[in-house]
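Inspection log for the structure reproduced underneath, given as structure tokens.
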Amino acid sequence: ILGGGLSSRLFQKIRGEMGAAYYVNADAGLYTDHGYLAASAGVDHNKINEVIEAILEEFKKLICEPVSEKELKRAKNHLIGHLVMGLETSDQLAGFYGIEEILARKIITPRELIKKIQEVKSGEIREIANDIFQDSKLNLALIGPFEEPARFEKILSLK
């Protein structure tokens with residue numbers, strides 16, 4: 001929903017509407033004992049504040065507003081499509097099953113994973129968003145000629 005392709009919220013807002021980024025995406029690292037959700041963008045230095053604020057606004061929307069069925073279906077289809085395309089070769093499929101066995105000690109088939117993706121509800125997304133998107137959990141990393149941390153600390157809030 002946030003960063004899965006051209007129809008994602010971040011792409012539509014930051015690149016489409018604002019024309020403020022060369023690229024923008026969101027990604028998650030889902031590990032067995034921890035994880036992360038990261039948004040990243042290639043931004044003109046002069047637009048950095050506006051882009052950070054726009055990203056935070058999209059985070060807030062996931063907390064406050066339910067994801068529409070249409071958008072949720074599009075995101076699920078995107079995710080499932082990438083999963084299926086990523087398992088086209090024997091090596092990729094073996095890697096998928098190997099990781100399942102090593103990390104989870106329980107094999108889940110691609111079909112079962114697709115079923116789980118299809119079962120996700122909009123309310124569950126809001127619950128997770130409330131857990132993830134908290135000021136105390138926000139971190140910001142910048143590459144560029146920025147020497148004023150207070151400038152960014154001031155805007156790094158979901159309130």
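Numbers for residues simply follow the sequence, beginning at 1.
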Hey, could you give me the [atom1]/[atom2] distance between [X] and [Y], rounded to the nearest 0.5 Å?
X    : Y    : atom1 : atom2 : value
L93  : E88  : CG    : CD    : 11.0 Å
S8   : I14  : OG    : CD1   : 9.0 Å
L113 : Q118 : CG    : CD    : 10.0 Å
E153 : E148 : CD    : CD    : 11.5 Å
R111 : L83  : CZ    : CG    : 12.0 Å

Can you check whether [X] reaches [Y] side chain to side chain, under 4.5 Å on heavy atoms?
X    : Y    : result
R151 : K154 : no
I1   : E71  : yes
I125 : P66  : no

Would a hydrophobic clustering, with Ile, Leu, Val, Met, Phe, Trp and Tyr connected at side-chain separations under 4.5 Å, put [X] with [Y]?
X    : Y    : answer
I52  : F11  : yes
F133 : I55  : yes
L142 : Y22  : no
V51  : L6   : yes
L2   : I117 : no

Where is the tightest heavy-atom contact between [X] and [Y], given as atom of each residue plus distance?
X    : Y    : value
M18  : K47  : O-NZ, 4.3 Å
I155 : L56  : O-CD1, 3.1 Å
A129 : I63  : O-CG1, 3.8 Å
D135 : K159 : OD2-NZ, 3.4 Å

Pair listing, ring pair (Phe, Tyr, Trp, His ring centres under 6.0 Å) test, anchored in residues 74-119, at least two apart: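 Qualifying pairs: H78-H82.
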
Reference residue Y36; test side chain to side chain contact (heavy atoms under 4.5 Å, CB included); the match among D27, N139, I132: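 That would be D27.
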
Residue from R9, K73, K61, K121 passing side chain to side chain contact (heavy atoms under 4.5 Å, CB included) with V67: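 With V67 as partner, side chain to side chain contact (heavy atoms under 4.5 Å, CB included) holds for just one option, R9.
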
Is the backbone of [Y] close enough, under 3.5 Å, to the side chain of [X] for a donor and an acceptor to pair up by distance?
X    : Y    : answer
R15  : L10  : no
E112 : T109 : yes
Q92  : T89  : yes
N25  : G3   : no

Pairing of K60 and E57 as salt bridge, 4.0 angstrom limit: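 Looking at K60 and E57, the cut-off is met.
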
Aromatic plane relationship, F146 with F152 - under 30° parallel, 30 to 60° tilted, over 60° perpendicular: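 F152 and F146: perpendicular rings.
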
Working for side chain to side chain contact (heavy atoms under 4.5 Å, CB included), residues L62 and R126: CA-CA 6 Å; L62 283 176; R126 285 181 72 188; over 6 Å; no

Q134 vs L158, side chain to side chain contact (heavy atoms under 4.5 Å, CB included): CA-CA, chis, key distance, verdict: CA-CA 7 Å; Q134 298 177 24; L158 293 165; 5.6 Å; no

K116/E119 under salt bridge (Lys or Arg N to Asp or Glu O under 4.0 Å): CA gap, chis, key distance, verdict: CA-CA 5 Å; K116 286 181 178 236; E119 291 172 349; over 6 Å; no

Exceeds 12 heavy-atom contacts within 6.0 angstrom, atom NZ of K137: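 Count over threshold, so yes.
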
